[in-house]
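Report on one structure; see the data block that follows.
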Amino acid sequence: MNIEPQKNRGALLANQFFFPQDSDGKPVEWRVAEELTPYDEAVAFMEQRVAEIREGTAPELVWLVEHPPLYTAGTSAKDEDLVDANRFPVFATGRGGEHTYHGPGQRVAYVMLDLKRRRPDVRAFVSALEAWIIGTLDSFNIKGERREDRVGVWVQRPEKKSPVAGTVAEDKIAAIGIRLRKWVSFHGISINVEPDLSHYEGIVPCGITVHGVTSLVDLGLPVTMDDLDQALKAEFENQFGPTGP
């Protein structure tokens, strides 16, 4: 399912972002991969886990990973936005969105939730994911923002020259790309901690040429992956409910 930006999403109230479990819901399993995870193995695992969640034989899951350097092409990806197809492996994927980069120093959170048992509203779910990211960044005193015409989370960079006259420069710090199968979500979000930002030069990230990309460390914050993981877990529980081992 391709998720496009929705107008006036920022006008939604905070309590509309909350996706509680139903009365029979178990804590969401929270899992962190210790090593770099090959992308094709991650997709195969998600496919299997989504089927098990649908069947009721496995709990919902948030799986935190890092990938080796690679590009993915979502359902709206344009061939011309793949600037250097030989730089890293390129994976076609069924998530919404366009081209993006994954690699070491970037936290990817794969979110496998049963929206049918929570709240079967795709637009609100995307807004909840955005709110999760924004709340996480706020714990590091970073103001992440939504944009009506762009999916993801953005930060203003007033110290940089904007390519658009009369506007403040902006960089993307987090991406969102999801897929649903019978109301069970997979794929998810990514937040840049300390990736090699030059690796984005092989694509036009999300099809956007007038804005850049940034990371927590690029913004001058000595944040570790463990720091981010702790903040992600705390804010996830604010948005979606309790987690467990």
Tell me which donor-acceptor pairs under 3.5 Å the side chains of residues 33-44 have, and how far apart each pair is, sequence neighbours excluded?
unit_1 : atom_1 : unit_2 : atom_2 : d
Y39    : OH     : T93    : OG1    : 3.2

Would you list the atom pairs, donor with acceptor, under 3.5 Å between side chains in residues 102-114 and any protein atom, with sequence neighbours excluded?
unit_1 : atom_1 : unit_2 : atom_2 : d
H102   : ND1    : Q106   : OE1    : 2.6
Q106   : NE2    : Y101   : O      : 3.0
Q106   : NE2    : N192   : OD1    : 3.1
Q106   : NE2    : Y200   : OH     : 3.2
R107   : NE     : D229   : OD1    : 2.8
R107   : NH1    : V65    : O      : 3.1
R107   : NH2    : D229   : OD1    : 3.4
R107   : NH2    : D229   : OD2    : 2.8
Y110   : OH     : H67    : NE2    : 2.7
D114   : OD1    : K116   : N      : 3.2

Could you go through the side-chain contact (heavy atoms from CB on, under 4.5 Å) check for I178 and F186 one step at a time?
-> CA-CA 6 Å; I178 67 167; F186 56 125; over 6 Å; no
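Atom CG of L137 sits about 6.5 Å away from atom CG of L216, to the nearest 0.5 Å.
Listed for the E29 side chain is no donor-acceptor partner under 3.5 Å among the backbone atoms of V62. No donor-acceptor pair closer than 3.5 Å links the side chain of D138 to the backbone N or O of N141.
Using a 4.0 Å cut-off between charged nitrogen and carboxylate oxygen, E80 and K78 do not count as a salt-bridge pair. Using a 4.0 Å cut-off between charged nitrogen and carboxylate oxygen, E145 and K143 count as a salt-bridge pair. Salt bridge annotation for E47-R181: present, with a cationic side-chain nitrogen under 4.0 angstrom from a carboxylate oxygen. Using a cut-off of 4.0 Å between Lys/Arg side-chain N and Asp/Glu carboxylate O, R118 and E60 are scored as salt-bridged.
Ring-plane geometry between F236 and W132 is classed as perpendicular, the angle between the planes exceeding 60 degrees on a 0 to 90 degree scale with a lower cut at 30.
For the pair R119 and F19, the cation-pi criterion (under 6.0 Å, within 45° of the ring axis) is fulfilled.
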